[in-house]
Amino acid sequence: MRYGRSTEVLKDVSFALAPGSFHFLTGPSGAGKSSLLKLIYLAERPSRGTIELFGRDVEAIAPSDRPYLRRRIGVVFQEFRLLDHLTAFDNVALPLRIAGGKPEAYRTDVAELLSWVGLKNRMHALPPTLSGGEKQRLAIARAVVNRPDILLADEPTGNVDDAHALRILKLFVELNRLGTTVLIASHDEDLVARSGQPVLHLEGGRLRAFGRSLRGGQA
Amino acid sequence: MSELFDPKRWRPAPLLPRRDPRDGALVFVIAVLCFLACLTALGGLAADRAARGWTGQLTGSATVVVRAMGAESPDIAAGRAAEALAGVPGVAEARTLEKEKAEALLEPWLGRDALLDDLPIPRLVTVEMDAKQPATAAALTQALKAAGIDATVDDHSLWIADIERAAGIARWAALGVFLLIASAAAAVIGFATRAAMAAHRETIEVLHLSGAKADFVVRLFQTRFAKAAALAGLFGASGAAIIGALARLAGGGQGLTPVAPVAWIDLVAVAPTPFLAALVAAVAARLAAQGLIGELA
Ligand SMILES: Nc1ncnc2c1ncn2[C@@H]1O[C@H](COP(=O)(O)OP(=O)(O)OP(=O)(O)O)[C@@H](O)[C@H]1O
Ligand SMILES: [Mg+2]
């Protein structure tokens, strides 16, 4: 893919994530990790090549069906993208609300999840009043709250200390154990190594795979 | 504060910030437009009532000018004419205008001294029609001719046509002004919607990426501007109603100010304003939002 008339950011990227798999996405800054994730969560379109999601060619999916696809993908944005005028609680409840859930049905889940990421006492706080790490944990809570089939996380541990990073990793692993396909873009080599999960390395617009459980395919 | 937060009592907050600094100006502009639209409507109603009142008075009556023929005295001729006219179906009453009154009508033109007794001053007979089935001018003329009286019947139809034409123009003008104001309001709302969507672009994108349908987002803006317009409509209509009430009170006991008679019932006409304003705003915001959302998806 390319942005506008610039040179191609991603050139030779072919891979398939098996349902229920767990991968890290690494690579130098500017390699195109975020761009690759954007393609998967349907924020950008490839200038060439094809992307399949849940066994369907993305380009062939009717626009009216795309929202339902997006609801199955949880995203932790690199820049969080929290809604500043909504409380932490409302931010986390957002995906459930969009999916049409009833507040009575999900509000205890939201509260539990917020406690789990260590924001029990910040539920009513507005994002601008949170620390970088708190924002990050909030963004993660929002991404996982509706148990997505795919979780994409862009530098989810960039702003937190080791203890919190491990806790977040544990959350992802737990989610993966329950069936979610996980792809995490990260610079944190310690974390990548400690997790022992397979790695996709992006450099010069090309993708290489390390570790186990990667199969070839089109993406 | 955070300790007091109880998730069990949580209700979803509005997805767009409740307050927007631009809302005040928007509500003001829409309120002014609604106010003007209401005044136009009240003016239109008053003009309509005035026209109907005048034509009603005129259609209910006719004036017959009787000229004496031969040796017959004008008074006798007028008396005979009144008799003949009273017999026509559809005539409630036919009365001769007394000589003094006829003279009084001519005095400004001829002067007091010129009114000699033997000057053949035409006599007037006023005819009051039966309100349900008024006699036509032709029927009156026929009856006079049959009685051998030289007379001209004026059923005021010329006047009535003039008044009705003027009233028709006033009605169309009111409708035109009303539509003009409505489209101005729609344009303002469209503009405000686009500005609001630009200001909340990040919110829209996050909703979009979280799987919100286009209609979900469009509805947020539609509801927001419909509410603002309804509030503005309430202000505008209240203002116009106050002006209307003042006009009614100033019009005296009958509320019939000569130019624009306002009735209390007319004030009801401004009641739908908040709903109309909300409807116009909802449609305008919807169209503007759909246009912009199309680019996202
Ligand atoms: N919206 C955009 N418009 C134009 N160019 C962009 C845009 N987003 C990213 N790029 C460019 O695409 C390239 C890849 O960016 P990307 O954000 O995907 O890298 P990254 O691997 O996520 O980097 P980092 O590790 O610093 O987050 C960069 O050269 C960047 O300048
Ligand atoms: Mg990035």
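Quick note on labels: first sequence line is chain A, next is B, and so on, each numbered from 1. In this text, all values refer to a predicted model and were calculated from it rather than measured experimentally. Note: hydrogens, waters and symmetry copies are ignored here, and every other heavy atom, side chains too, is used.
Heavy atoms of B/Leu16 lying under 4.5 Å from chain A belong exclusively to its backbone. Residue contact with chain B, scored on non-hydrogen atoms closer than 4.5 Å, involves the backbone and the side chain of A/Ala43 alike. With a 4.5 Å cut-off on non-hydrogen atoms, A/Arg142 touches chain B through its side chain but not through its backbone. In this structure, chain B has no heavy atom under 4.5 Å from any part of A/Phe80.
Counting non-hydrogen atoms of other residues, nucleotides and ligands closer than 6.0 Å to CZ of B/Phe191 gives a total of 12 or fewer. Residue A/Tyr106 places its OH atom among more than 12 non-hydrogen atoms of other residues, nucleotides or ligands, all under 6.0 Å distant. Taking a 6.0 Å sphere around OH of A/Tyr68, one finds it holds 12 or fewer heavy atoms contributed by other residues, nucleotides or ligands. Sparse packing is recorded around CD1 of B/Ile265, with 12 or fewer heavy atoms of other residues, nucleotides or ligands lying under 6.0 Å away.
When side chains are defined from C-beta on, A/Ile73 does not count as touching B/Leu209, because their heavy atoms never get closer than 4.5 Å. Taking the side chain as every heavy atom from C-beta outward, B/His208 and A/Arg70 approach each other to under 4.5 Å. Under the 4.5 Å side-chain criterion, counting only non-hydrogen atoms from C-beta, A/Val110 is not in contact with B/Trp10.
Of the charged side-chain nitrogens involved, none lies within less than 4.0 Å of a carboxylate oxygen, so that A/Glu104 and B/Lys8 do not count as a salt-bridged pair.
Here the closest heavy-atom approach between residue B/Pro12 and residue A/Arg97 is recorded as CB-CZ, 3.3 Å. The minimum heavy-atom distance between A/Leu86 and B/Ala13, with the atom names listed, is CD2-CB, 4.0 Å. The minimum heavy-atom distance linking B/Arg11 with A/Pro103 is given by the pair NH2-CG, 4.0 Å.
The CD atom of B/Glu202 lies 7.0 Å from the CG atom of A/Leu83; values are rounded to the nearest 0.5 Å. Distance CE/A/Met123 to CG/B/Asp6: 9.5 Å, rounded to 0.5 Å. Of the inter-residue distances, the one linking B/Ser210 atom OG with A/Arg81 atom CZ reads 9.5 Å to the nearest 0.5 angstrom. Of the inter-residue distances, the one linking A/Leu94 atom CG with B/Thr203 atom OG1 reads 9.0 Å to the nearest 0.5 angstrom.
Ranked by heavy-atom pairs shorter than 4.5 Å toward chain A, the options B/Pro7, B/Gly211, B/Pro14 are led by B/Gly211.
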